[in-house]
Every structure is written in C-alpha cells, then in structure tokens.
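Notes follow once the structure below has been shown.
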Amino acid sequence: MAVRYEHIHTCAQTGARYGILHTPSGSFETPIFMPVGTQATVKTLENDEIHEVSDGLILANTYHLWLEPGVDIIAAHGGVKGFSKWDGALLTDSGGFQVFSLSDIRKIKEDGVEFRHHKSGAKLFLSPEDAIHIQNTLGADIIMSFDECPPFNSDYDYMKQSVERTIRWAKRGKDAHRHPETQALFGIVQGGPHIDLRRHCAEELKAIDFPGYAIGGLSVGETKGEMYQVLDEVVPMLPDDKPRYLMGVGTPDDLIEGVSRGIDMFDCVYPTRMARHGTAVTSHGKVVIKNKTYADDMGPLDDRCDCKVCTTYTRSYLRHLFKSEEYLGLRLISYHNLYFLKNLMAEIRQAIQQDRLADFRAEFFERYDK
RNA sequence: GGGAGGGUAGCGAAGUGGUUAAACGCGGCAGACUGUAAAUCUGUUCCCUCAGGGUUCGAUGGUUCAAAUCCGUCCCCUCCCA
C-alpha cells in the first residue's frame, strides 16, 4: 500500500483522532489541512513559502492540468512535482468536482462524462479510467476516484442513480490504476443528505477496498448544520484504520467541527481565495482588509499570529496594497491565511493528544466571531 | 478683435420640453466567497426623520400646466483665425 494510516490517539472529549499519514513522500501528522494548488500552483505563493504555511501536503487538479498544459508536458517533467518543483507530498483531485461545478456544459453517461472545454468550447470526454490514468501520469502520492458530485438537494431517485454510478466508476478506477504501490487511490462517499445512500456507498466502497476514504458532496451550498449531520452519520461508517478525508472544507469553524467528528484530512480553496478577494482569516474572525476602518490601523492582521506578515506589516499597509491593486497584497494575505490554518491544525492536534479538544473548541469560538 | 464648441452628481460622460434624482464607466462604501472557469461576483453611491419628503444639471431672469432640456443676460473653459 502506498499510504498507511497510523492511529495514535483518540480525544477522550470528542472522539477526534490524532494519527500519522505515511506516504511515499513523507509522513504527516493528522488531522491535516491541505492547501489547494489547482493549476500546479498554490496561487501567488512559491514553494518555499508553501512549505512555511503548510504541513507539506498540497492538492492539484486533474481536470485543469489535463486541459492546460496537458498530460504530455507534465509527463516530460516527470509529473506534477517535477513540473512545479514541489518537493513535498501531493494529492490530485480527479476532476469529479468539475463535473459538478461546470454542470451547465456537461453530459454524464455511464461510460464517462462529456464536457465542453470551459474556455475553447471543444468537446472533451473523460472516463473513470482516463481520470485514473491521467493521475497516474501526474504522479501524486494520493489520487482520487472519479466521482459525480451532484447538487446536495438532488431528488432521491437521481441521487441513488448517481451514487450507484459513482460506485461503479470507483471499481473501474481501481481496476485501471497502474501504480497502487506508489500512489494511493481513495474512494469517495457520495449520497447527499440521504443517510441510507451514504451507507450503501460507504459499504460498497469498503468492499472494493481503498487505502483511504473521502466524503464528497458536502460544502456545496447546504447549511453547516446539514453538513455536520451528514458527518455525524457517515464518519462512523468508515474504517478506523484508514484516513478519512472531508473534501472541500476549510473554514476555521468547519475544520474544528469536522475534526471533532473524526475527520483526518481537509482541503479547501477558502483561505487562498478569500485572501485574493481581500479577506483575512484571523483568530477573531474575518478581517475584510479593504474596509475603510483599517485605513489607519497600525496593528497587525491578527494579534495572536506570529507569521511573518503579522509580525511585519500593519493593517493600514495591507489595506493600501489592496486599494492600490498591488500584487504583494494578494501574496501576503494568502500567506497569512494559510499560516493561520496550519497553526490552527497544529493546535487542534495538540488538543486531541491532551484530550481537551472540546475545551479548545470552546476557547476558540470564544474569540472567533462568526 | 473675429469664428466654433462647451459648462450635468467625487471624476469622465449620456440625456436636448413631461415616464429624469438624471443612463453608463471610473472612483468611493459595503457584502458574498468551502474537492479554484474566481486578483471574481453582487449591492450601494445628492440630502433627510428614507414604501415618504427635500434640494439639483455654471449663474440669473423669463416662456410653459411642466425645463438639465426653449429664450434673454452674465460668468468661466477649450479650439481655430488675426
């Protein structure tokens, strides 16, 4: 197996897990947050900075890299890591989410998905086998099953049909997988809000046997309460000796709630996108740095943060960078936001080991606004 | 001195008798953003006690039921010719 999960401790207060994820590119403490670098770049940051603000495991996206620059160019570099010169660990998403997010220009068939290129309009086709083979070439340590991520509120019959297809695609993907010894293929549990469908999907995927399991189809517009309910039900369905990955989740509160429910891995665009749009994530909540109130604010972005941005620059300066559309602003907030989540996860891990995650959660929300 | 064109909300710029507090862009002020088609999108932007009311379109005096829009006078700007 390419990836092995070593369970070390369960928080007595919450049931949250502390463990170590062993991968071909290193071992990582969990729970872990993984920054997203869709186009083989965590937007605005360079590799040495990514190391500073992450735990060394990041994402890239099959769909986008397949289209641009194409598999051949990446293969010529020996894979995504050779291409971007990222020397940490890597996970690639399969493109399943893009089937959902580009839904107005796709046709889902049993054999795969017909897309229209979102820029050129060219007709493209991606099968579960293609998605795995592309990921085999991209060369990530962890690769994902090609799933369908339907809208949360899809009607039951469609959701059932979709889940069945996702299960069949998962099996086909595993059969097509060429490097199971160096790349761990994770299955993805779908089913929307329907617990029976979630259970069915989880059982079938466990029967196929994957080295890790993801929960998909969440953080797609449903309420937080709905998401937590699904987690409450679904996490216990997953094996204890395998990593559990909640896809697409990354607000500070959701990370804490997810960990408390037994999740080990997260990824999210949230910190980097918010940063580029001018919002910092801090221990006190969101700071919309463009707001006039920060024009003459001599304080740091987050008075509890020790990252180089918070220990160097004033809010006033950061606001100035955004108001004058200077690139440095995007970089600095991106850096801080990721650092903040990295630090948050480290605190969470420590709290789990000390059996005090519930206390930590209470303390965190005490000062965290909204 | 002669000729031509202009002065509209913070800026630029439409509008040339009524449905105009006045298009649109920029700027300003807010909001959204969760497996990244996103350095994007949305709202708002004369004043107030804001489902209503009050003052506007260089100034001033008229015409009209009604004017940013028509007429008179004045002020200012740009360009061309001397």
Side-chain angles (χ1 to χ4, degrees), chain A residues 33-45 58-65 67-68 91-106 115-121 131 135 140 142-150 152 166 186-190 212-224 226-228 231 245-255 257-258 263 265-281 286 288-295 319 321-334 337 341 370:
Chain A
F33 175 79
M34 306 177 285
V36 178
T38 301
Q39 310 267 18
T41 162
V42 175
K43 295 185 193 297
T44 79
L45 300 181
I58 65 174
L59 257 71
N61 185 274
T62 301
Y63 174 82
H64 291 285
L65 293 176
L67 295 180
E68 189 69 47
L91 182 155
T92 45
D93 187 23
S94 63
F97 186 74
Q98 279 59 42
V99 175
F100 165 64
S101 63
L102 306 175
S103 63
D104 50 330
I105 48 173
R106 63 98 164 88
F115 288 96
R116 288 237 174 226
H117 186 136
H118 57 268
K119 288 178 184 167
S120 72
Q135 292 188 85
I142 299 170
I143 67 178
M144 300 304 296
S145 228
F146 187 64
D147 64 333
E148 183 192 348
C149 182
F152 192 75
T166 284
F186 282 20
I188 304 174
V189 177
Q190 291 286 354
Y213 295 89
I215 299 174
L218 293 179
S219 63
V220 290
E222 79 283 7
T223 66
K224 285 175 185 285
E226 287 172 321
M227 179 169 85
Y228 301 155
L231 290 180
Y245 166 24
L246 176 55
M247 306 187 77
V249 163
T251 63
D253 49 329
D254 285 347
L255 291 174
E257 297 299 338
I263 298 295
M265 303 166 67
F266 303 85
D267 79 280
C268 196
V269 133
Y270 186 82
T272 45
R273 178 183 290 165
M274 293 295 276
R276 271 175 281 121
H277 295 172
T279 298
V281 184
K286 288 192 264 187
V288 182
I289 201 65
K290 285 188 281 194
N291 286 4
K292 194 183 187 110
T293 178
Y294 303 117
R319 175 176 193 268
L321 292 178
F322 267 87
K323 297 307 287 184
S324 51
E325 295 183 61
E326 286 292 338
Y327 299 142
L328 183 60
L330 311 180
R331 282 170 41 69
L332 295 181
I333 307 284
S334 293
N337 281 359
L341 291 191
K370 183 178 175 225

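A, B, ... follow the sequence lines: proteins, then strands. Residue 1 opens every chain. Being a predicted model, the structure only gives us computed values, none of them experimental.
- With a cut-off of 3.5 Å on both pairing distances, the Watson-Crick or G-U wobble partner of B/G72 is B/U60.
- Considering CG of A/Leu328 and OG1 of A/Thr44, their distance stands at 9.5 Å, rounded to 0.5 Å.
- Note: CZ (A/Arg319) to P (B/A30) measures 7 Å, nearest angstrom.
- Every residue was checked against the side chain to side chain donor-acceptor pair (under 3.5 Å) condition with A/His277, not counting sequence neighbours, and none meets it.
- Side chains of A/Thr223 and A/Glu226: a donor on one and an acceptor on the other come within 3.5 Å.
- For A/Asn291, the side-chain atoms get nearest to B/G31 when compared with the rest of B/G31, B/C33, B/U36.
- The partner of B/U42, taking Watson-Crick or G-U wobble pairs whose two distances both stay under 3.5 Å, is B/A30.
- You'll find a donor-acceptor pair under 3.5 Å spanning the side chain of A/Asp147 and the base of B/G35, going by distance alone.
- With a 3.5 Å ceiling on both atom-pair distances, B/U16 lacks any Watson-Crick or G-U wobble partner.
- The interatomic distance linking A/Asn61 (CG) with B/G35 (P) rounds to 11 Å, in whole Å.
- Across all strands, A/Asp93 comes closer than 4.0 Å to base atoms (heavy-atom distances).
- Heavy atoms of A/Ile188 sit under 4.0 angstrom from at least one base atom.
- Relative to the side chain of A/Cys149, the nucleotides B/A37, B/G35, B/G28 differ in distance, and B/G35 lies closest.
- In this structure, B/U55 forms no base pair with any nucleotide, since neither Watson-Crick nor G-U wobble geometry is met with both distances under 3.5 Å.
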Output a table of nitrogen or oxygen pairs between the protein and nucleotides 39-42 of chain B separated by less than 3.5 Å.
residue, atom, partner, partner atom, Å
B/A39, OP2, A/Arg276, NH1, 2.5

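- With a 3.5 Å ceiling on both atom-pair distances, B/U36 lacks any Watson-Crick or G-U wobble partner.
- A/Leu65 places its CG atom 12 Å from the P atom of B/A37, with the value rounded to the nearest Å.
- Taking atom P on both B/U78 and B/A32, the two are 47 Å apart, rounded to the nearest angstrom.
- Using a 4.0 Å heavy-atom cutoff across all strands shown, A/Thr44 reaches no nucleic acid atom at all.
- Residue A/Glu148 is the one, among A/Glu148 and A/Gln39, whose nearest nucleotide of RNA chain B lies closer to the 5' end (criterion: closest heavy atom).
- Looking only at atom types and distance, the side chain of A/Glu148 has no donor-acceptor partner in the side chain of A/Thr166 under 3.5 Å away.
- Of the residues listed (A/Lys286, A/Arg273, A/Lys290), the one engaging A/Thr279 in a side-chain contact (heavy atoms from CB on, under 4.5 Å) is A/Lys286, and it is the only one.
- The nucleotide B/C50 finds no pairing partner, because no Watson-Crick or G-U wobble arrangement with both distances shorter than 3.5 Å includes it.
- Where A/Thr279 and A/His118 each meet RNA chain B at their nearest nucleotide, the meeting point lying more 5' is that of A/Thr279.
- Distances from the side chain of A/Thr251 to the nucleotides B/G35, B/C29, B/U34 place B/U34 closest.
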Step by step, would you call A/Phe97 with A/Tyr63 a ring pair (Phe, Tyr, Trp, His ring centres under 6.0 Å)? CA-CA 9 Å; A/Phe97 186 74; A/Tyr63 174 82; over 10 Å; no

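- Contacts of A/Lys323 with the nucleic acid, taken as non-hydrogen atoms under 4.0 Å apart, involve only primed sugar atoms and P, OP1 or OP2.
- A donor-acceptor contact closer than 3.5 angstrom is absent between the side chains of A/Gln39 and A/Asn61.
- Nucleic acid contact for A/Gln190: base, since at least one base atom lies under 4.0 Å from a heavy atom of the residue.
- In this entry the distance linking CE of A/Met274 with P of B/U36 reads 17 Å, nearest Å.
- Remark: B/C79 base-pairs with B/G3. Criterion, Watson-Crick or G-U wobble with two distances under 3.5 Å.
- Look at the C1' atom in both B/C76 and B/U8: the space between them is 16 Å, to the nearest Å.
- When the side chain to side chain donor-acceptor pair (under 3.5 Å) test is applied to A/Asp254, the partners found at least two apart in sequence or on another chain are A/Lys224, A/Tyr228, A/Thr251.
- Ring pair A/Tyr245/A/Phe186 is perpendicular by interplanar angle, where above 60° counts as perpendicular and below 30° as parallel.
- For the P atom pair drawn from B/G10 and B/U45, the interatomic distance equals 15 Å after rounding to whole Å.
- Within the nucleic acid shown, A/Gly217 comes within 4.0 Å of at least one base atom, counting heavy atoms only.
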